Amino acid sequence: MSGTWVVIPVYNEASVIGSVIKQVKQVFPNVVCVIDGGTDNSAEEARKAGAVVVEHPINLGQGASLQTGFDYALSQPGLTEVVTFDADGQHLVSDAKEMVDILRLEKLDIVIGSRFLDDRTKINFLKRAVLKTAAFWTKITTRMALTDAHNGLRIISAELLTKIHLHQNRMAHASELIDQVAAENVRWKEYPTHIIYTDYSKAKGQSLLNAVNIVFELLFK
Amino acid sequence: MPLLVFQITAVLVLVLAAFFMFRGGGAKQQAIRRIFFLLFVALAAFSLFFPEAWTKVANFFGIGRGTDLLLYIVVLVFFGYAVSTFRKFRNQEKQITQLAREIALLRTEREQDNK
């Protein structure tokens with residue numbers, strides 16, 4: 001896994017980021033944390049846990065953080081693929097490992113996590129409805145029949161990564177990423193992932209009202 | 001008499017605003033903006049002395065009063081302003097993002113070189 005870089009966008013996650021990085025590093029030696037401004041000592045914690053830290057001087061948003069992580073990864077020699085991973089510990093490292101294996105074995109360009117392919121993830125009705133609607137929208141606009149377009153866990157090959165340029169700084173980047181990926185006629189696969197909704201990740205997670213923001217940001221580019 | 005005082009003060013304010021607006025460099029677009037702004041100043045000064053002119057124009061277009069016509073124009077102008085400001089902020093945000101990203105990556109590079 002030495003050609004793999006794990007990109008973790010971080011905004012005020014000091015209390016959990018250290019342990020998340022340690023878990024990730026058991027499988028993936030290369031971890032880059034993009035600290036997106038913020039007011040706590042996330043950067044310090046990330047460094048202590050052994051991650052490379054790239055620190056935005058001001059807060060730009062999660063989309064911008066991912067792109068910064070991508071730029072960093074692309075500057076590293078021997079990059080084979082990147083993993084996008086959430087900082088709040090809601091993803092399983094074992095899922096990420098499996099997904100990288102599949103990408104390599106089947107020579108895919110991208111493997112996208114989905115919480116709807118099995119019944120491990122416990123999710124409430126309203127959130128499921130919103131995510132399903134988003135996935136349906138993606139399906140009719142990009143013809144990629146995704147079941148879950150807003151999953152933070154993805155594996156992207158280095159080759160495909162050079163073609164991705166996220167301009168949506170805030171919330172709409174997940175849709176933007178899929179749009180750009182779909183335009184490249186890539187070989188892709190979804191992989192059933194488990195999302196662990198802890199009290200922490202729930203408190204940090206997006207409000208459903210954010211769906212309104214996402215739609216707005218996509219319409220008024 | 002008070003009307004005349006109001007009219008003169010208002011013209012002075014307009015001239016001052018125009019003066020400050022005209023400072024700063026630019027290109028073709030800015031020239032057009034400036035012409036429009038001049039026009040705006042002239043019209044504003046004109047309507048101070050001939051307020052009934054607006055009503056005549058309004059009547060010509062089948063709108064009741066000059067005030068109504070002005071309201072419509074203001075709404076349109078405001079909408080245009082909102083859109084162009086939104087665009088400007090979007091572009092600015094993109095530039096700031098690039099700058100911040102560049103700084104972030106350079107800092108990390110320097111840190112790693114120092115190790």
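The structure presented is a predicted model; accordingly, all values stated were derived computationally and were not measured. Residue numbers begin at 1 in each chain, while the letters A, B, ... track the order of the sequences.
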Worksheet entry | Side-chain donor-acceptor contact under 3.5 Å, H167(A) with T97(B) | no

Worksheet item: Side chain, backbone, both or neither: which part of I103(B) has an atom under 4.5 Å from a heavy atom of chain A?
Response: side chain

Worksheet item: Is the closest basic N to carboxylate O distance between D68(B) and R65(B) below 4.0 Å?
Response: yes

Worksheet item: Is there a side-chain contact between M99(A) and V83(A) (heavy atoms, below 4.5 Å)?
Response: no

Worksheet entry | Chi angles and distances behind the side chain to side chain contact (heavy atoms under 4.5 Å, CB included) call for T4(A), R104(A) | CA-CA 11 Å; T4(A) 310; R104(A) 289 182 177 182; 3.1 Å; yes

Practice prompt. Kindly indicate whether the side chain of R90(B), heavy atoms from C-beta on, has any atom under 4.5 Å from the side chain of Q95(B).
Written response: no

Practice prompt. Check each atom of E109(B) against the heavy atoms of chain A and say whether the ones under 4.5 Å are side chain, backbone, both or neither.
Written response: neither

Worksheet item: With ring centroids as reference points, do F46(B) and F50(B) lie under 6.0 angstrom apart?
Response: yes

Worksheet item: Where does E111(B) contact chain A at under 4.5 Å (heavy atoms): side chain, backbone, both or neither?
Response: side chain

Worksheet item: Listed by residue number, which members of residues 46-58 of chain A have a heavy atom under 4.5 Å from any heavy atom of chain B?
Response: R47(A), V52(A), V53(A), V54(A), E55(A), H56(A), P57(A), I58(A)

Item to complete: Assess the pair W5(A) and Y72(A): is the distance between their ring centroids shorter than 6.0 Å?
Response: yes

